[in-house]
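Reviewing the structure listed below.
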Amino acid sequence: MIDKAHLIYFSPTRTTQQIVEQIAVGLGVQQIEQHDLTLAENGIDLQVDDGIAIIGVPVYAGRVPEVCLTRMQSLASSGAPAVLVALYGNREFEDALVELNDVVYAKGFLVAAAGAFIGEHSYSTPEQPIAAGRPDAMDLDRAKAFGQAIAAKLHAGGPLTAPTIPGNIPYKDRVPLGGVAPETDKDLCTLCGTCAKVCPTLVVEVDEEVVTAAESCVMCCACVKECPEQARTMNHPRVQERRALLIQNCSRRKEPETFLE
Ligand SMILES: Cc1cc2nc3c(=O)[nH]c(=O)nc-3n(C[C@H](O)[C@H](O)[C@H](O)COP(=O)(O)O)c2cc1C
Ligand code: SF4
Ligand code: SF4
């Protein structure tokens with residue numbers, strides 16, 4: 001019987017976190033330890049030898065974001081079971097789950113199950129919604145049921161079988177980030193500082209004005225979605241073009257997929 005879950009996730013707009021937490025609810029563990037990598041600039045130093053780890057990342061261009069890999073560098077285990085979660089914005093998860101599987105296996109975990117879930121796309125806006133409001137109640141129910149199915153697999157005993165996870169090896173080429181960042185409307189901004197507090201790469205400074213060092217922006221849009229005055233917008237032409245394509249090609253609702261066998 002597993003009684004402890006380590007929730008390990010990077011989640012600037014909190015959709016990955018919601019799914020990871022619901023899986024833990026379904027697992028029915030007594031104890032939950034949160035290891036939020038989102039604002040952990042120096043990553044986490046964690047050896048997991050008890051309980052189960054639920055490890056969640058958003059999908060960026062079909063891959064695990066580089067910032068997640070860096071922040072998980074000092075994560076290790078000597079054989080604890082792990083559940084993998086790739087959270088994507090209703091386009092595709094491509095090679096992210098298979099990449100996460102390789103990374104987590106190399107750290108010494110035994111992967112028990114994996115799931116691809118859908119969350120509101122980082123580039124979604126009220127005017128141009130993409131998977132807006134997801135994960136919704138149905139997604140959260142699916143995550144909880146997934147947790148229950150994992151608990152049943154673990155309670156069945158015997159050697160833990162690794163699930164078959166879709167994706168290509170070698171993975172698709174990484175799309176480099178950096179150079180594109182949200183802008184601030186000075187007329188709306190009250191210099192409240194929220195955008196700086198939620199930025200996972202600490203590239204926003206709020207003093208007499210808001211200054212963003214675009215080179216290290218990962219385009220997560222946490223600052224846009226959390227700004228209480230709607231003063232931050234991500235409207236670079238490259239993002240506008242991408243947004244239009246996503247609305248055109250990826251508006252049909254996708255459903256979560258889980259891999260246990
Ligand atoms: C740079 C970047 C690349 C992305 N690439 C993809 C993608 O390849 N496929 C997809 O469906 N969603 C993609 N998304 C959307 C995120 O995966 C999605 O919004 C996710 O819910 C964000 O997770 P979070 O709420 O935990 O931050 C991308 C988002 C960003 C910022
Ligand atoms: S969160 Fe919005 S209002 Fe607050 S400082 Fe940033 S841009 Fe200005
Ligand atoms: S500045 Fe870039 S990295 Fe920071 S919160 Fe905004 S979009 Fe994310």
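Start at 1 and go down the list; that is how both ligands and their atoms are numbered. Positions are given from 1, in the same order as the sequence printed here.
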Looking at ligand 1, would Tyr123 count as a contact under a 4.0 Å heavy-atom criterion?
yes

With only distance considered, is Glu94 within less than 3.5 Å of ligand 1 through an N or O on each side?
no

Give a yes or no on whether Glu255 atom CD has more than 12 heavy-atom contacts from other residues, nucleotides or ligands under 6.0 Å away.
yes

To atom 15 (C) of ligand 1, the nearest of Arg134, His121, Arg242 on a heavy-atom basis is His121

Please check if the number of heavy atoms outside Gln240 that lie under 6.0 Å from its CD is greater than 12.
yes

Atom indices of ligand 3 within 4.0 angstrom of Thr201 heavy atoms, with elements:
3 (S)

Can you find an N or O of Val59 that's nearer than 3.5 Å to an N or O of ligand 1?
yes

Which atoms of ligand 1 have any heavy atom of Asn90 under 4.0 Å away?
11 (O)

Can you list the atoms of ligand 2 that are under 4.0 Å from a heavy atom of Thr184?
7 (S)

Is there a donor-acceptor pair under 3.5 Å between the side chain of Asp3 and the backbone N or O of Gln31?
no

Test of proximity, Pro12 against ligand 1: N or O pairs below 3.5 Å
yes

Among Cys220, Ser122, Cys221, which one satisfies side-chain contact (heavy atoms from CB on, under 4.5 Å) with Met234?
Cys221

Numbering as shown, the atoms of ligand 1 that approach Ala61 to under 4.0 Å (heavy-atom distance)
3 (C), 4 (C), 5 (N), 6 (C), 7 (C), 8 (O)

Going by ring-ring contact (aromatic ring centres under 6.0 Å, His included), name the pairs with one or both residues in residues 9-37, residues two or more places apart or in two chains.
His6-His35

Under a 4.0 Å N-O cut-off, is there an ion pair linking Lys254 with Asp139?
no

Where is the nearest protein heavy atom to atom 29 (C) of ligand 1: which residue, which atom, and how far?
Ser122 OG, 3.2 Å

For atom 4 (Fe) of ligand 2, decide whether Cys189 has an N, O or S atom at a distance under 2.8 Å.
no

Under 4.0 Å from a heavy atom of Glu229: which atoms of ligand 2 are those, numbered in the order shown and with their elements?
3 (S)

Evaluate Arg232 against Thr212 for side-chain hydrogen bond (donor to acceptor under 3.5 Å, both in side chains), listing each step before the verdict.
CA-CA 11 Å; Arg232 295 278 283 179; Thr212 310; 3.0 Å; yes

Could you go through the salt bridge (charged side-chain N to carboxylate O under 4.0 Å, His left out) check for Glu66 and Arg63 one step at a time?
CA-CA 8 Å; Glu66 243 172 331; Arg63 297 281 305 270; over 6 Å; no

Does Asn249 have more than 12 heavy atoms from other residues, nucleotides or ligands lying within 6.0 Å of its CG?
yes

Taking N or O atoms only and a 3.5 Å limit, does Ser11 qualify as a polar contact for ligand 1?
yes

What protein heavy atom sits nearest atom 8 (O) of ligand 1, and how far off is it?
Arg91 NH2, 2.8 Å

If you count the atoms of ligand 1 from 1 in the order shown, which ones are under 4.0 Å from a heavy atom of Leu177?
1 (C)

Which of the ligand 3 atoms, numbered from 1, are nearer than 4.0 Å to a heavy atom of Pro200
5 (S)

Under 4.0 Å from a heavy atom of Glu120: give me the atoms of ligand 1 that qualify, with their elements.
18 (C), 19 (O), 21 (O)

Using a 4.0 Å cutoff against the non-hydrogen atoms of Leu191, which atoms of ligand 2 qualify?
5 (S), 8 (Fe)

Answer yes or no: does an N/O atom from Gly89 fall short of 3.5 Å to an N/O atom of ligand 1?
yes

Is the closest basic N to carboxylate O distance between Glu261 and Lys153 below 4.0 Å?
no

Taking a hydrophobic cluster as the set of Ile, Leu, Val, Met, Phe, Trp and Tyr residues connected by side-chain heavy atoms closer than 4.5 Å, whether directly or through intermediates, do Ile169 and Phe259 fall within one such cluster?
yes

Path from Ile165 to Leu87 over hydrophobic side-chain contacts below 4.5 Å:
no

Roughly how far apart are Met72 CE and Leu37 CG, rounded to 0.5 Å?
7.0 Å

Qualifying residue for side-chain contact (heavy atoms from CB on, under 4.5 Å) with Cys68, from Thr16, Leu100, Val57:
Val57

CZ (Arg174) with more than 12 external heavy atoms under 6.0 Å
yes

Suppose we measure from atom 2 (Fe) of ligand 2 to each protein heavy atom; which comes out shortest, and what is that distance?
Cys227 SG, 2.3 Å

Of Ala196, Ala231, Pro228, Gly193, the one whose closest heavy atom lies nearest atom 5 (S) of ligand 2 is Gly193

Check this for me: does any side-chain nitrogen of one of Glu120 and Lys225 sit under 4.0 Å from a carboxylate oxygen of the other?
yes

Any chance NZ of Lys144 has more than 12 other-residue heavy atoms, nucleotides or ligands included, within less than 6.0 Å?
no

Nearest non-hydrogen protein atom to atom 4 (Fe) of ligand 2, with distance, is Cys192 SG, 2.3 Å

Under a 4.0 Å threshold between the charged nitrogen and the carboxylate oxygen, would Glu94 count as salt-bridged to Arg91?
yes

Neighbouring protein N, O or S atoms of atom 6 (Fe) of ligand 3 [cut-off: under 2.8 Å, no waters]
Cys223 SG

More than 12 heavy atoms from other groups under 6.0 Å of CD on Glu33:
yes

Under 4.0 Å from one or more heavy atoms of Thr15, ligand 1 contributes atoms 20 (C), 21 (O), 22 (C), 23 (O), 24 (P), 25 (O), 26 (O)

For ligand 1 and Leu87, I'd like to know whether there is a polar contact (N/O to N/O, distance under 3.5 Å).
yes

Could you walk me through whether Lys172 and Asp95 pass salt bridge (charged side-chain N to carboxylate O under 4.0 Å, His left out), step by step?
CA-CA 7 Å; Lys172 65 178 290 196; Asp95 305 334; over 6 Å; no

Among all protein non-hydrogen atoms, which one is nearest to atom 31 (C) of ligand 1, and what is the separation to 0.1 Å?
Met219 O, 3.0 Å

Between Tyr88 and ligand 1, does any nitrogen or oxygen pair lie at a separation below 3.5 Å?
no

Should the proximity of Glu92 to ligand 1, defined as any heavy atom under 4.0 Å, be assigned to the side chain, the backbone, both, or neither?
backbone

Minimum-distance protein heavy atom relative to atom 3 (S) of ligand 2:
Thr190 N, 3.5 Å

